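Taking it in order: structure first as structure tokens, then the write-up.
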Amino acid sequence: MLREFRTLLPYLKKYRLNYLLGLAFLVTVDAAQLAIPQFVRRAVDDLSLGRTGEIPGFALAIVGVAAVVASGRFLWRYFLHGAARRIEVELRDRLFDHFMVLPSSFYQKNKIGDLMARSTNDLHAIRMASSMGLVTFVDGVFMSAAILVIMTARNPRITLYTILPLIPITVLILVFGKMVGARFKRVQELYSKLSDVVQETMTGIRVVKSFVKEEVFAARFSGANDEYRDASMGLAKIFGFFFPFIAFLSGLTTLILLWAGGGAVIENRMSPGDITALLAYLEMLIWPMIGAGFTVNMIQRGATSLKRVNEILDEKPEAADHPGTLRIVPSCGAPADGTAALEFRSLTFSYPEAREPALRDLSLAVPGGTTLGILGRIGSGKSTLLKLLPRMLEPPEGTVFLAGRDVRDYELETLRKTFGFVPQDTFLFSDTVRANILFAAPDLGPELFDRVTAISAIDRDVNDFPAGWDTIVGEKGLTLSGGQKQRVAIARALAADPEILVFDDALSAVDTETEERILKALLAWRRGRTNLIISNRVSTLRHADRIAVLEGGALAQYGTHEELLALEGFYSEIARLQALVLDSAGRSRHG
Ligand code: ADP
Ligand code: MG
């Protein structure tokens with residue numbers, strides 16, 4: 001269990017001064033508290049003998065000690081809670097940085113709600129463990145040891161009887177720790193599940209509403225919420241039993257003291273002041289005892305939560321760069337030695353969970369400065385092929401080459417900057433249209449901005465946007481049409497001026513006339529550079545220099561538009577079908 005705390009070690013080291021000062025003040029407060037019964041004892045003894053001369057002195061001393069206790073409490077809280085809050089923030093930063101380097105596959109395996117719960121709820125439990133857990137631990141050990149020493153020094157026999165109930169209390173605390181650990185783990189898991197349900201419902205709210213499934217989702221949430229309540233209640237019940245029971249057992253110590261000590265006072269073997277002081281110390285002993293229970297509980301929760309956070313931190317970041325990685329963005333224009341800009345060599349690729357490979361023995365070269373079109377049915381492996389290039393998926397060694405070098409030899413950042421991607425299902429951030437276009441090229445000048453927005457044909461839509469280029473889109477703003485989104489995404493990719501431009505069916509929601517315009521302008525602008533364009537429209541593909549047809553993950557056909565048209569096969573078949581559709585649509589194409 002304590003192994004999980006290794007993650008906190010560097011932070012505890014960093015804030016060791018805070019911790020040392022905090023603990024010093026904590027012990028000072030404890031020691032000062034221990035002095036109070038001594039003054040009470042002497043005052044009571046004086047009173048029982050009828051002497052009052054020194055009483056005001058004792059009273060003043062008690063007030064003085066109380067002042068020390070008050071300021072000491074403020075100071076240990078300041079140092080210990082301060083350090084714990086800072087550690088929480090830094091650990092959360094570290095977690096987020098780690099989220100940024102985890103591969104896409106990690107996000108396919110984990111639910112967003114769960115990850116959010118771990119970065120908030122669990123970090124809260126870790127903070128409690130690294131402040132209050134420590135405080136109650138030190139407090140408990142120091143106070144109970146000191147009190148036992150003081151009591152034994154003055155009345156060894158009576159102390160021995162009195163502390164007998166402490167043995168079952170200790171056993172109870174250990175059992176309690178185990179029970180809390182298991183239950184708390186369940187509570188945190190159910191909290192994650194609750195976050196998942198909320199996150200998924202909100203993300204899919206349009207689908208939920210359009211299929212009138214609100215009640216189903218409300219019931220699903222309600223179920224998760226009830227489960228969470230039951231688990232939390234299970235945890236609270238242990239507390240509800242534990243603390244009163246401890247208080248009861250420590251009440252027994254008072255009973256024993258009155259019985260054993262009372263006799264001693266009557267027989268004059270003990271002064272009235274002594275028994276008053278002992279009662280005060282016993283009263284003080286209850287808190288560290290309960291505190292020990294708290295410690296066990298908080299350390300357990302902290303360990304459980306740290307385990308959940310460590311699970312993420314232990315996830316391997318994507319493709320660690322080994323020394324000697326290439327850090328130069330390769331020129332993929334038209335290398336003099338004829339090296340292909342891109343090449344696949346007998347590439348076979350399978351997804352980890354899949355039974356069949358998504359790509360089989362695929363060999364294909366894309367000469368620099370040319371445009372490759374890719375056609376294939378849904379599921380034929382087109383997107384997979386493109387994702388292997390920037391290592392969104394990790395290709396096997398010696399299968400995917402960029403400018404003559406294995407893509408695995410490049411530094412990841414260099415590699416990814418070589419490509420400008422327009423993915424199949426694009427994502428725009430909740431920001432202005434302008435900021436979305438400038439996402440990868442913040443310093444783009446106004447001329448180039450006009451140029452890329454003209455090529456992607458998004459410029460004519462700007463008049464329809466309420467605030468022009470400064471219109472906010474995405475979750476918090478205007479909802480763009482599918483075609484508008486695609487064109488913003490194209491402008492974003494063009495703005496980065498990548499060596500290799502990659503379209504994954506990026507024009508599917510744009511009408512054919514606009515598509516024609518975009519492609520003409522685009523290919524003119526990209527002359528002499530390399531482009532990959534997935535499309536299922538022959539009207540798009542015929543602009544490409546070469547076309548590859550994928551079937552079931554394998555390369556079925558390869559050639560120019562004219563060559564493939566002349567051959568019997570998937571390409572000419574699709575071309576015929578689409579020509580028929582175009583003919584029947586005639587001039588009534590919508591714009
Ligand atoms: P396309 O883009 O041509 O429609 P994909 O490359 O997306 O095809 O998919 C190729 C095959 O790989 C399909 O059979 C698909 O089900 C499978 N596939 C795609 N993504 C994953 C994934 N993340 N895990 C497992 N299988 C996948
Ligand atoms: Mg696809």
Side-chain angles (χ1 to χ4, degrees), residues 99 102-112 114-115 200 203 315-319 342-364 366 371-396 399-400 407 416 419-427 482-483 485-487 489-490 492-493 500-510 515 519 531-541 544 546-558 564 569-571 573-575 577-578:
F99 279 141
L102 286 174
S104 324
S105 57
F106 172 81
Y107 294 94
Q108 285 192 353
K109 285 187 307 209
N110 291 279
K111 295 191 166 181
I112 293 173
D114 175 45
L115 299 180
E200 201 176 58
T203 310
E315 284 277 342
K316 268 220 200 56
E318 63 188 338
L342 288 171
E343 194 181 346
F344 304 98
R345 291 187 200 155
S346 340
L347 166 66
T348 298
F349 177 84
S350 305
Y351 285 96
E353 320 82 46
R355 259 183 257 140
E356 300 262 304
L359 294 169
R360 312 158 195 265
D361 197 25
L362 190 143
S363 295
L364 178 67
V366 185
T371 298
L372 176 75
I374 303 174
L375 175 74
R377 284 179 222 277
I378 290 172
S380 57
K382 307 180 295 292
S383 298
T384 307
L385 188 69
L386 297 193
K387 282 180 194 154
L388 288 165
L389 294 170
R391 284 156 71 195
M392 293 303 194
L393 296 170
E394 199 61 43
T399 54
V400 183
V407 287
R416 291 195 176 158
F419 296 95
F421 247 87
V422 188
Q424 204 164 5
D425 43 356
T426 194
F427 180 83
K485 261 196 216 167
Q486 283 189 333
R487 283 177 285 140
I490 292 171
R492 172 169 67 190
I500 299 178
L501 186 68
V502 181
F503 275 25
D504 189 348
D505 217 0
L507 292 161
S508 59
V510 176
E515 177 183 25
L519 278 174
N531 310 300
L532 299 181
I533 298 179
I534 290 184
S535 175
N536 52 20
R537 286 187 196 156
V538 171
S539 58
T540 306
L541 294 169
R546 295 271 185 313
I547 295 148
V549 181
L550 296 190
E551 265 173 52
L555 184 65
Q557 290 187 295
Y558 177 73
L564 293 182
F570 190 56
Y571 191 82
E573 203 178 303
I574 292 286
L577 275 174
Q578 288 179 355

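Numbering of ligands and ligand atoms starts at 1, following listing order. Worth saying up front: this structure is predicted, and the values here are computed from it rather than measured.
When all heavy atoms are compared, the tightest approach of P396 to T348 is CG-O, 3.5 Å. Contact between A506 and I490 at its shortest, heavy atoms only, is O-CD1, 4.0 Å. Of all the heavy atoms in A548 and L364, the pair that sits closest is CB-CD2, 4.1 Å.
A donor-acceptor distance shorter than 3.5 angstrom exists from the side chain of Q557 to the backbone of Y571, with no hydrogens or angles considered. Proximity of a side-chain donor or acceptor of Q486 to a complementary backbone N or O of A509 within less than 3.5 Å is detected. Under the 3.5 Å distance criterion, the side-chain polar atoms of K382 are matched with a main-chain donor or acceptor of G376. Between the E200 side chain and the K111 main chain, no donor and acceptor come within less than 3.5 Å of each other.
Within 4.0 Å of ligand 1, heavy atoms belong to protein residues Q108, Y351, E353, A358, R377, I378, G379, S380, G381, K382, S383, T384.
Here 2 is the count of protein N, O or S atoms positioned under 2.8 Å from the Mg ion (ligand 2), waters not counted.
The line from CZ of F419 to NZ of K387 is 15.0 Å long, rounded to the nearest 0.5 Å.
Evaluated for a side-chain contact (heavy atoms from CB on, under 4.5 Å) with I374, the options L555, I547, L386, I533 yield exactly one hit, L386.
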